[in-house]
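Note sheet for the following structure.
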Amino acid sequence: MDRARYDAFVKTFFECDPVAVTDVFREFLAAMAAEEALPPGHHMSQNYDTAQANPEIHLLPGNLKDARDAIFPYFWGTDGWSSKLHLENVRGPANYASLIGAIACLLKNPNLCTDSYSQRSNELEVKAITALANLVFYHTQDPWGVFTIGGTISNMYGAKIGIEKVLPVAMRKGLQGQTVTGICSEAAHYCATTISGWLGIGTENLHEIPTDAALAIRLDLLAAKLDELYQRGSKVAFVIATFGTTDAFGIDDVAAIRKLVDEKAAQYGVPAPQLHADAAVGWGICFLNEYDFERNLLQLSPDLKPVLARIHQMCAGLQFADSVTLDFHKTGRGHYPSSAFIVNRKDDLKYLARSKDDTPYFPEADSRRDPALFTLETSRPGLGPYMVMASLNGIGLQGWQMLMSRSLELAHYLKQRLDKLDYCMVLNEETVGSNVVFWVLPKGRNAKQIFAALEAGTLPPEDAQRYMAEVHRLFSKRERALDPALDARLSFTTGIGYRPHGHDLPAWKAVFFNPKTDEGVIDRLIYSIEELV
Ligand SMILES: *Cc1c(COP(=O)(O)O)cnc(C)c1O
């Protein structure tokens, strides 16, 4: 080998040149600032046509600028979601404390599989998980958990523990012809279906229970379903309670579900299913748990007082869950991926445990702390713990309270504005989060009356169909007319999860996740609706 050439190449790519690295970083920041001056949306259109045709790899070793050039058009063609006009979904711009954490992590690049490959970064994961566990569970003695690549996978951990609880040999022997089932609500995230398929219980063995108008699982129907399943001899492995549905922020009553599943399991003499709370979106409202409205340090509007009282009550239910999913990359405005899976009692992780014989690469692994002995993943990034601890402590409890209550304020304001328009109907009046789902019908229609008739079951199906089509048509009309520099971007859902008399409820959707969104954006949205209909 030509050693001189080799050494030069190693120097370029494996020795940190702070000037070269920060120069490129500065260029990215400048490009981002330029991009943020433009209206939201894609600034450079995609070119899928030849993406596969030209998968070129350069021949000669280059430098960090070649690395930059290789990805720059794609960087430029990606919206960083910083605009205050983005209201489409549970996605916010990532916060910069999280970036500091992420950069620190990437510089060291720990692998969280075991202590040997991550040293103090594993300790940081324990810290981050415990901080989040204390936030959501209130009083918890012995929580434990890991960061995963997303809410889907975190929920999968919860479901898997449930399968092992009701069918203890499943990890080794499979399901052995047994019918194993899971339960969630009709408003739960579709990943519950994904998980049921991937875990091998089958998507048809996931039972979705209707919700009430507040998007919370109907406890009477849950009880009936448990009876039905137990009487058929099926093993109910998990109940996923949704804490904040993705579209409408519905919250299941976790405490009541706990009581119910324990009673039914005792009645049929079987192990209770895993009660897993999918708080991927909803966990953030726990920051408001201890907000003292009497002192009202943040000067919140008195309108929010009843909202905070309900939040307090709902959050208190979380401590009854066996495990929880919490997406920091959603409500925490952290970078992807930073989803946490947390068990209330560390002992429950024994259901996932492997023996050292099963992990020959890690003979040194210590079951008291090394995640590789129970995680689905082997290599795991350290990003989650770094981004979470940097964000939690950079922003601080009052910072989080401001962020969360501002979302509530804006959602409340939009609901109030829509309420005044006869042809509009807010579909999640009773939920307490950052989301607003609503109908816009042509002027002259009375949306509230139409909704009441639909709920009462007196609306003829062909009328219902026509009205739903109008809601969609007006949404498309606004999309076509919108001024990207002024008009908020919303999204459309084909069904918010509440299904009165089996009707899916399509809706316009606005989510207040961007801290820069203000009342002016909402006023302009209302104006655009009034112009439209
Ligand atoms: C987003 C979401 C998920 C899936 O989480 P990912 O991090 O996108 O995998 C699960 N449940 C709920 C309620 C969600 O909103």
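Values below: all heavy atoms of this structure, side chains included; hydrogens, waters and symmetry mates excluded. Counting convention: from 1, in listed order, for ligands and their atoms alike. Index from 1, following the sequence.
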Table of N or O contacts for ligand 1, cutoff 3.5 Å:
| unit_1 | atom_1 | unit_2 | atom_2 | d |
| --- | --- | --- | --- | --- |
| ligand 1 | 5 (O) | Gly151 | N | 3.3 |
| ligand 1 | 5 (O) | Asp327 | OD2 | 3.2 |
| ligand 1 | 5 (O) | Lys330 | NZ | 3.4 |
| ligand 1 | 7 (O) | Gly151 | N | 2.7 |
| ligand 1 | 7 (O) | Asp327 | OD2 | 2.7 |
| ligand 1 | 7 (O) | His329 | NE2 | 2.9 |
| ligand 1 | 9 (O) | Gly151 | N | 3.1 |
| ligand 1 | 9 (O) | Thr152 | N | 3.0 |
| ligand 1 | 9 (O) | Thr152 | OG1 | 3.0 |
| ligand 1 | 11 (N) | Asp278 | OD1 | 3.2 |
| ligand 1 | 11 (N) | Asp278 | OD2 | 2.6 |
| ligand 1 | 15 (O) | Thr246 | OG1 | 2.7 |
| ligand 1 | 15 (O) | Lys330 | NZ | 2.9 |

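Aromatic rings from Trp81 and Phe513 are positioned such that their centres are separated by 6.0 Å or more.
Defined by atom type and a distance below 3.5 Å, a donor-acceptor pair is missing between the side-chain atoms of Tyr74 and Gln46. A donor-acceptor pair shorter than 3.5 Å can be found between the side chains of His86 and Asp79.
Counting heavy atoms from C-beta outward, Pro484 and Arg489 have side chains that approach closer than 4.5 Å.
Test Thr325, Asp322, Val239 against His276 for side-chain contact (heavy atoms from CB on, under 4.5 Å) and you get one pass: Thr325.
Listed by first then second residue, pairs satisfying ring pair (Phe, Tyr, Trp, His ring centres under 6.0 Å) with a partner in residues 237-262 number zero, not counting sequence neighbours.
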